[in-house]
2 protein chains.
Amino acid sequence: MSDTEVEQTQRFKVGELTVEAGTPILTEGANSAQLFTVLSGMGIRHTTLENGRRQVLTFILPGDLIGLQGAVMGEMGHSVEARTRMRLCVFDRAALWDFFKNAPARAYDLTWIAATEEHFLGEALATLGQRTAEQAVAWALVRLWQRGVALDLVENNSMPLPFRQQDLADALGLSLVHTNKTLAKFRTKQIASWRDGRLTLTDIDELSRIGLVDEQKAVRRPLL
Amino acid sequence: MSDTEVEQTQRFKVGELTVEAGTPILTEGANSAQLFTVLSGMGIRHTTLENGRRQVLTFILPGDLIGLQGAVMGEMGHSVEARTRMRLCVFDRAALWDFFKNAPARAYDLTWIAATEEHFLGEALATLGQRTAEQAVAWALVRLWQRGVALDLVENNSMPLPFRQQDLADALGLSLVHTNKTLAKFRTKQIASWRDGRLTLTDIDELSRIGLVDEQKAVRRPLL
DNA sequence: GTTTTGCTATGTCACAGTTAAATGCGGGTT
DNA sequence: AACCCGCATTTAACTGTGACATAGCAAAAC
């Protein structure tokens, strides 16, 4: 971001917020008055069907924008929940329109962010629809790993991954048992190990091959 | 759209284009110089995995915007293909930035459109992940029906649906055979009938109940 | 008129993944 | 020390869906 862009963004920033793990940040169906950029910490976006089943839409990592959908559509289509303590930069929704009028470069970035989220959801849709369970778990770990690399979260072939196995299962439309078995298989084969809230990759090439990921770098996207 | 908005949009319109059924409009991986609004006709957005399997991301209906993702991200993450003859309103990608500078209201609508697409993909993801095959097919038919109603395409409880069963199967991550069997079940139960390129709904309430759809109206969104 | 092609329809069998239940472990609480 | 809770792990039984094969039909091509 250029100095001008930082200044423009700072003008719409209301403040910062810290939430503890487990805190609901946004609620499906509610009308939210704020958007947030994630400064640190991790969380999930999820939605619940009438049959009580939960779908995790995306895992939230630092740099992600939260709440744009509700801001422009008037009502949140999903909920957002913290999985660790999170620090958030808070933006006022009412200022969104001023943002478009006074900072077109930043507004363009917002559309870019929305398009990137859409692209990722499309990739996830293709995963659920056309990858097997093993391929899907591999795909998810590779994608999370790539984000971790981009965020400089990786040390000694390991990065924090403070989610539950049920979270990954609900993201991929798998049962908890099958997800557990698949992760055990990767651990046994010494490809990847996820335990104690950390992901360790031993063989990124093999995991990418299993997940049918062409190992392109994480998609470039702006921050708000 | 107000008169001013129409004028602003018209200034970025390059022209109109008619494509025949089967024509690829945008290609995954390519860099596209244009965006399109669908004036008439139908198509599909799809992507193909390394294993050769095809995922249909969305069905394209009149009013949809095509190519925004490629325009802001620099490269199309999926392909777009006409399923019938389609008339498209063509916008120049190079003019997108001017759009943001000179018509903030229209730029805001673009972000709104992107957020709406994202919301739909989230709902589709939840369908693939947490609905059974029967529930998924019912969900898809209800959502297509609702769009048909909003577009005034429905006559005598019937609307055009010029897609193949393989398209729906690939949208829901199901096999063609299973999709065929499920559609047959709906026909036998006299809930819905899809044949000869037309969808006829006999019992929208029952289909909604099966599909776990709360029958809210189609999400409101702007046009470009 | 015949053949080919694309799509839809149907039957059968196999299995990838689900469901239900039980167990183990570590951390927190009493 | 004992108990409780949340999460991970494991096992067994089950099934929804996929794969395969075959057939029918209409339109297009020859």
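Lettering follows sequence order; numbering is per chain, from 1.
Between the CZ atom of A:Phe163 and the P atom of D:dA8 there is a distance of 13 Å, rounded to whole Å. Between the P atom of C:dA9 and the NZ atom of B:Lys185 lies a distance of 16 Å, rounded to the nearest Å. Between B:Gln135 atom CD and C:dT18 atom P there is a gap of 14 Å when expressed in whole angstrom units. The nearest whole Å value for the distance from the CD atom in B:Gln166 to the C1' atom in C:dG6 is 12 Å. What separates CG of A:Asp196 from C1' of D:dG6 is a distance of 14 Å, to the nearest Å. Residue B:Leu183 contributes atom CG, which lies 14 Å from atom C1' of C:dT10 at whole-angstrom precision. Between the CZ atom of A:Phe186 and the P atom of D:dA8 there is a distance of 17 Å, rounded to whole Å. Rounded to whole angstrom, the span from the CG atom of B:Asn180 across to the C1' atom of D:dT22 amounts to 14 Å.
Screening residues 133-175 of chain B for ring pair (Phe, Tyr, Trp, His ring centres under 6.0 Å), with sequence neighbours left out, gives B:Phe59-B:Phe163, B:Phe120-B:Trp139.
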Worksheet item: Can you list the steps and then say if B:Ile25 with B:Met86 is a side chain to side chain contact (heavy atoms under 4.5 Å, CB included)?
Response: CA-CA 10 Å; B:Ile25 300 172; B:Met86 295 179 79; 3.7 Å; yes
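Donor-acceptor pairing under 3.5 Å is lacking for the side chains of B:Thr179 and B:Gln165.
Under a 3.5 Å cut-off, the side chain of A:Gln55 and the backbone N or O of A:Asp170 do form a donor-acceptor pair. Using a distance-only test at 3.5 Å, with no hydrogens or angles considered, a donor-acceptor pair links the side chain of A:Asn51 to the main chain of A:Arg53.
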Worksheet item: Base, backbone or nothing for each nucleotide of nucleotides 15-20 of chain D, written B, S, -, heavy atoms under 4.0 angstrom, 5' to 3'?
Response: --BSBB
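The salt bridge (charged side-chain N to carboxylate O under 4.0 Å, His left out) search around A:Glu16 returns A:Lys13, A:Arg87, not counting sequence neighbours.
Here A:Gln165 reaches the OP1 or OP2 of D:dT9: one of its side-chain N or O atoms lies under 4.0 Å away.
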